Amino acid sequence: MPLSKRHNILGVLFLFSTALPAAARATPSEPLVIPAKTPVRVTLDQALASNHSSPGDRFAATISEAVVVDGKVVIPQGARVQGRVLDAHASGRLVGRARLQLALESVEVNGKSYEIRTGSFFEVGGSHKRWNLTTIGGGSGGGLIIGAIAGGAKGALIGGPIGAGAGTAAAYFADKRDVKLPVETHLNFKLTEPLTVDPRS
């Protein structure tokens, strides 16, 4: 066999022998695990409110900050998220505070949807107590003044209850302190269970 041909064959065998281990070592990307308690930050794509939402309603949101594990982006910013309303209760007119409770249930990464478990966002509306005392008390005082002008002391006794009734009516018609979350509201959740994401999807 001529020397040049022999060298060519040896060269091919050498290249094949060096490339084979590299090919054997090249494996597809491994699934990435996001540990429990990892923050998941989203912005709402729709408005939610304690007086319009109902338990079981779904809502749409978007990942506002990429979820990174060991320097690798596992859930990119802008990924689509689905959530669920766990509890919703409208504010009462005079008593009963509004409440709204939400949790995330799925996230889409590279076209694949993953079920997730998160802690809940829970918001309670403001208390009626101080506002009602001010309104009802103010109405009663106004009644006393009007009654006194109209008929002296006797008028004051009559005007007081009327004023109190007017104050109560004002509180009833005006005071509802519902929880309202407009579009693009930022909400923070945390995973309660690890989430495995396959980067090959």
Side-chain angles (χ1 to χ4, degrees), residues 15-92 95-128 131 175-201:
L15 291 174
F16 180 76
S17 65
T18 56
L20 184 60
R25 289 195 301 270
T27 57
S29 300
E30 295 294 327
L32 301 172
V33 179
I34 306 173
K37 298 184 179 181
T38 298
V40 180
R41 298 180 172 88
V42 305
T43 56
L44 289 179
D45 293 341
Q46 64 188 79
L48 298 173
S50 58
N51 59 332
H52 292 298
S53 301
S54 300
D57 287 353
R58 286 186 169 87
F59 64 88
T62 301
I63 294 292
S64 59
E65 184 177 318
V67 179
V68 179
V69 176
D70 295 333
K72 298 179 181 178
V73 174
V74 185
I75 303 178
Q77 182 180 7
R80 310 294 293 177
V81 177
Q82 289 289 322
R84 184 183 292 271
V85 177
L86 301 181
D87 187 27
H89 189 276
S91 169
V95 295
R97 298 175 69 173
R99 60 180 183 269
L100 186 63
Q101 186 174 13
L102 314 171
L104 303 182
E105 61 177 12
S106 67
V107 61
E108 185 176 313
V109 180
N110 296 328
K112 183 176 180 179
S113 181
Y114 294 89
E115 184 176 332
I116 61 176
R117 294 282 185 271
T118 68
S120 64
F121 164 89
F122 185 67
E123 184 77 14
V124 178
S127 172
H128 298 267
W131 196 91
D175 186 33
K176 286 195 72 176
R177 301 189 171 191
D178 286 295
V179 178
K180 297 180 180 180
L181 305 177
V183 175
E184 297 188 356
T185 296
H186 290 264
L187 301 177
N188 296 327
F189 298 86
K190 280 188 178 182
L191 292 178
T192 57
E193 297 179 9
L195 171 63
T196 301
V197 176
D198 189 347
R200 297 168 294 181
S201 59

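What you see is a predicted model; the values in this text were computed from it and never measured.
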- Query: In Å and rounded to the nearest 0.5 Å, what is the OG to CG distance from S53 to L86?
  - Reply: 11.5 Å
For residues 184-192, tabulate all N or O donor-acceptor pairs below 3.5 Å that involve a side-chain atom, not counting sequence neighbours.
unit_1 : atom_1 : unit_2 : atom_2 : d
T185   : OG1    : P182   : O      : 2.6
T192   : OG1    : R117   : O      : 3.3

- Query: Looking only at heavy atoms, what is the nearest atom pair of D57 and H52, with distance?
  - Reply: OD2-O, 4.5 Å
- Task: State, to 0.1 Å, how close T118 and L104 come at their nearest heavy-atom pair, and which atoms those are.
- Result: OG1-N, 3.1 Å
- Message: Can you pull out every salt bridge (Lys or Arg N to Asp or Glu O under 4.0 Å) where at least one residue sits in residues 59-69? Sequence neighbours excluded, please.
- Response: R41-E65
- So, do Y114 and D198 sit near enough that their side-chain heavy atoms are less than 4.5 Å apart? yes
- Point-to-point distance, once rounded to the nearest 0.5 Å, from CD1 of I116 to CG of L195: 7.0 Å
- Query: Any luck finding a side-chain donor-acceptor pair between S106 and Q82 under 3.5 Å?
  - Reply: no
- Between NZ on residue K180 and CG on residue L48, distance to nearest 0.5 Å: 13.0 Å
- Message: Check whether S91 reaches the backbone of R177 with its side chain - one donor and one acceptor, N or O, closer than 3.5 Å.
- Response: yes
- Task: Please report the shortest heavy-atom distance between V33 and T196, naming the atom on each side.
- Result: CG2-OG1, 3.7 Å
- Item | Heavy-atom side-chain proximity of L181 to L102 below 4.5 angstrom | yes
- Looking at P55 and A88, what are the two nearest heavy atoms and their distance? CG-N, 3.9 Å
- Checking R84 side chain against G56 main chain: does a donor-acceptor pair fall under 3.5 Å? yes
- Atom pair CZ/CG of R97 and D178 - distance to nearest 0.5 Å: 12.5 Å
Can you list, pair by pair, the side-chain donor-acceptor contacts under 3.5 Å of residues 73-81, counting residues two or more places apart and other chains?
unit_1 : atom_1 : unit_2 : atom_2 : d
Q77    : NE2    : S64    : O      : 3.3
R80    : NH1    : D45    : OD2    : 3.4
R80    : NH1    : T62    : OG1    : 3.4
R80    : NH2    : D45    : OD2    : 3.3

- Message: Can a donor-acceptor pair be found, under 3.5 Å and without considering hydrogens, that links the side chain of Q46 to the backbone of A60?
- Response: yes
- Query: Of the non-hydrogen atoms in V67 and P39, which two are nearest, and what is the gap between them?
  - Reply: CG2-O, 4.1 Å
